[in-house]
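Each remark here refers to the structure printed beneath this line.
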Amino acid sequence: ELYTLAQSLGLDDFMPRKFDCEQLDAAAYPCVLKPAVGTWGSDMAIVQNSEDAQRFLAKCTVPRELMVLQELVVGSLEYSTTLLVVNGSIYDHVCTRYKYDRETYIWPDVNELGHSCHSVPEHHLRTM
């Protein structure tokens, strides 16, 4: 699990906060409710409160125990970094910055306004 790995490496401060789907009232909203395994935007919702989350879980096709409730990270810029890693060493990397038409969204339900390639700062590569 990604969160467990991040914690073991002392990197959990770089991750969105994660909340228990069995204790919806304890979450700090708004949040994203989504399957633990990527589904390219399907079976996902932005929920504003525990009632929204409960309604979505009731109609969702993914079992509740396979869902993740996490902090909603807002912003119209998204950075995606791809690494070529061999035997634990980074051999190459590329970072793409995407600009979208709104601050709050679930991809692919958003319009891309543009994208560009960027370098990855050395201290970010060390974190990776």
Side-chain angles (χ1 to χ4, degrees):
E1 179 177 283
L2 185 58
Y3 281 93
T4 303
L5 177 61
Q7 285 177 324
S8 73
L9 297 171
L11 299 174
D12 47 326
D13 286 345
F14 295 98
M15 303 289 292
R17 289 176 54 202
K18 183 175 151 184
F19 305 100
D20 188 341
C21 284
E22 297 302 323
Q23 298 177 354
L24 298 174
D25 289 333
Y29 291 91
C31 289
V32 174
L33 189 53
K34 64 184 187 176
V37 177
T39 58
W40 297 95
S42 63
D43 295 315
M44 295 176 68
I46 295 172
V47 291
Q48 301 298 324
N49 51 51
S50 61
E51 292 81 17
D52 283 354
Q54 189 59 45
R55 276 192 295 275
F56 182 77
L57 287 168
K59 68 178 185 173
C60 185
T61 60
V62 177
R64 185 185 198 120
E65 62 272 11
L66 300 178
M67 297 294 286
V68 173
L69 183 65
Q70 78 176 34
E71 170 187 14
L72 175 65
V73 178
V74 298
S76 62
L77 297 177
E78 181 177 321
Y79 290 84
S80 174
T81 301
T82 301
L83 304 173
L84 174 60
V85 179
V86 179
N87 297 324
S89 296
I90 299 173
Y91 279 85
D92 202 1
H93 60 276
V94 62
C95 177
T96 305
R97 185 184 82 170
Y98 297 92
K99 171 78 173 158
Y100 295 112
D101 66 343
R102 56 184 175 249
E103 297 282 316
T104 304
Y105 61 90
I106 292 177
W107 187 91
D109 187 26
V110 65
N111 295 313
E112 182 183 320
L113 300 177
H115 63 273
S116 54
C117 289
H118 292 266
S119 62
V120 179
E122 186 60 38
H123 66 280
H124 286 195
L125 288 173
R126 283 192 303 273
T127 302
M128 294 177 198

Leu33 with Leu66, same ILVMFWY side-chain cluster at under 4.5 Å: yes
Geometric class of the His115/Tyr98 ring pair [parallel <30°, tilted 30-60°, perpendicular >60°]: tilted
Thr81 side, atom OG1; Arg97 side, atom CZ - distance, nearest 0.5 Å: 13.0 Å
Separation between NZ of Lys18 and SG of Cys31, rounded to the nearest 0.5 Å: 13.0 Å
Over all atoms of both residues, closest heavy-atom pair of Gln70 and Pro16: NE2-CG, 3.8 Å
Which atom of Asp25 lies closest to which atom of Ser50, heavy atoms considered: OD1-OG, 2.7 Å
Evaluation steps, side chain to side chain contact (heavy atoms under 4.5 Å, CB included), between Leu24 and Leu57: CA-CA 11 Å; Leu24 298 174; Leu57 287 168; 4.0 Å; yes
Path from Val85 to Val120 over hydrophobic side-chain contacts below 4.5 Å: yes
Gap separating the CE atom of Met44 from the CH2 atom of Trp107, nearest 0.5 angstrom: 10.5 Å
Nearest heavy atoms of Asp101 and Leu113, plus distance in Å: CA-CD1, 3.7 Å
Close side-chain approach of Leu125 to Leu83, heavy-atom, < 4.5 Å: yes
Note, His124 side chain near Tyr79 side chain (heavy atom, < 4.5 Å): no
Approximate separation, where rounding is to 0.5 Å, of His93 NE2 and Thr82 OG1: 11.0 Å
Flag side-chain contact, heavy atom, 4.5 Å: Met15 against Glu71: no
Hphob cluster co-occupancy, Phe19 + Tyr29, side-chain heavy atoms under 4.5 angstrom: yes
Reported CZ-to-CG distance for the pair Arg17 and Asp12, which is rounded to 0.5 angstrom: 12.0 Å
Minimal non-hydrogen separation, Cys21 against Arg64, with atom names: O-NH2, 2.9 Å
Spacing of Thr104 atom OG1 and Leu72 atom CG [to the nearest 0.5 Å]: 5.5 Å
Met67 versus Phe56, closest heavy-atom pair with distance: CE-CE2, 3.9 Å
Minimum-distance pair of heavy atoms, taken over all atoms of Ala27 and Leu69: CB-CD2, 3.7 Å
Single-linkage hydrophobic cluster, 4.5 Å side-chain cutoff, Phe14 and Leu5 together: yes
